[in-house]
Peer 1: 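Please see the structure below; I have some questions.
Note that the structure is predicted; figures quoted are calculated from it, not measured. The figures here come from the full heavy-atom set of this structure, side chains too, leaving out hydrogens, waters and symmetry mates.
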Amino acid sequence: MNREHELTRLAQQWEELTIANDRMFSMVMENNAICRELLRRIFPELAIDRVQRVTVQKQVNMPLDARTVRFDVYIRDDQQRTYIVEMQVANRQNLPYRLRYYLEQVDHSILGPGDNYEKLAGYPTYVVFFCDFDYYGQDRSEYRFEWRNIDQPDLVAGTGQQLVVFNAQASTFHDSIGVAGFLKPNA
């Protein structure tokens, strides 16, 4: 293959990249301004002023016999809120369990041995998954979850945790927060 042909092929691959590509997603999310704007759109109620730390491909250190995770994007804002932002293009039929495990892993980076559990109150946690599939099968563009009482849904558990799952394949992408262009390349 000659050099000119290879350069043309690489240029074409670059043009076809979308946010669903792992490298592209990391490059975009490393930009604090873009990252802050995305979080502001997802969580307008939080009035996010500043993003203090953005780490892509953050490895969580665990005991050798435990399953580890690598967060696509780990973010801490100026209010000590933690955000995990993930891109999922393959439906491995395990999304709820992955969400559960990611929430648990975030707390490992906050609590140390002997720390009081109340310390977690100062570190609300938000896990956001952008999915190229509709795991829940409701054709909704966005699913939000938090711990609530089954018999009295207005009573929340108060864990300071929230899960948000975006479905880029929703037939009518309801986009009141302006993320369709982020998810759908033709939006």
Peer 1: What are the two closest heavy atoms between Cys35 and Val54, and how far apart are they?
Peer 2: SG-CG2, 4.0 Å
Peer 1: What is the minimum heavy-atom distance between Asn31 and Ala33, and which atoms define it?
Peer 2: OD1-N, 2.9 Å
Peer 1: Given Tyr123, which of Ile110, Val106, Leu111 fulfils the side-chain contact (heavy atoms from CB on, under 4.5 Å) condition?
Peer 2: Ile110
Peer 1: If I compare all heavy atoms of Ile48 with all of Arg40, which pair ends up nearest, and what's the gap?
Peer 2: O-NE, 2.8 Å
Peer 1: Using the six-membered ring wherever Trp is involved, compare the ring planes of Tyr126 and Tyr83 and label them parallel, tilted or perpendicular (cut-offs 30° and 60°).
Peer 2: parallel
Peer 1: I'd like to know if the side chain of Asn2 reaches the main chain of His5, judged simply by a donor and an acceptor atom lying under 3.5 Å from each other, with no hydrogens or angles considered.
Peer 2: yes
Peer 1: I'd like to know whether the aromatic ring centres of Phe129 and Tyr135 sit less than 6.0 Å apart in this structure.
Peer 2: no
Peer 1: Under a 4.5 Å side-chain heavy-atom rule over Ile, Leu, Val, Met, Phe, Trp and Tyr, are Tyr136 and Val127 clustered together?
Peer 2: yes
Peer 1: Does Gln52 reach the main-chain N or O of Arg76 with its side chain, forming a donor-acceptor pair under 3.5 Å?
Peer 2: no
Peer 1: Quick one: do Glu104 and Arg100 make a salt bridge, cutoff under 4.0 Å?
Peer 2: no
Peer 1: Any carboxylate oxygen within less than 4.0 angstrom of a Lys/Arg side-chain nitrogen, looking at Arg148 and Glu146?
Peer 2: yes
Peer 1: What distance do Leu38 atom CG and Ile34 atom CD1 have between them, rounded to the nearest 0.5 Å?
Peer 2: 9.5 Å
Peer 1: Is it the case that the side chain of Asp77 and the backbone of Arg81 share a donor-acceptor pair, with hydrogens and angles ignored and the cut-off at 3.5 Å?
Peer 2: yes
Peer 1: Decide if atom CD of Gln93 counts as having more than 12 heavy atoms of other residues, nucleotides or ligands within a radius under 6.0 Å.
Peer 2: yes
Peer 1: When you compare the side chains of Tyr143 and Asp134, does any donor N or O come within less than 3.5 Å of an acceptor on the partner?
Peer 2: yes
Peer 1: Can you confirm whether Arg98 is buried at CZ, in the sense that more than 12 heavy atoms of other residues, nucleotides or ligands lie under 6.0 Å from that atom?
Peer 2: yes
Peer 1: Would Phe133 end up clustered with Phe145 when hydrophobic side chains under 4.5 Å apart are linked, directly or stepwise?
Peer 2: yes
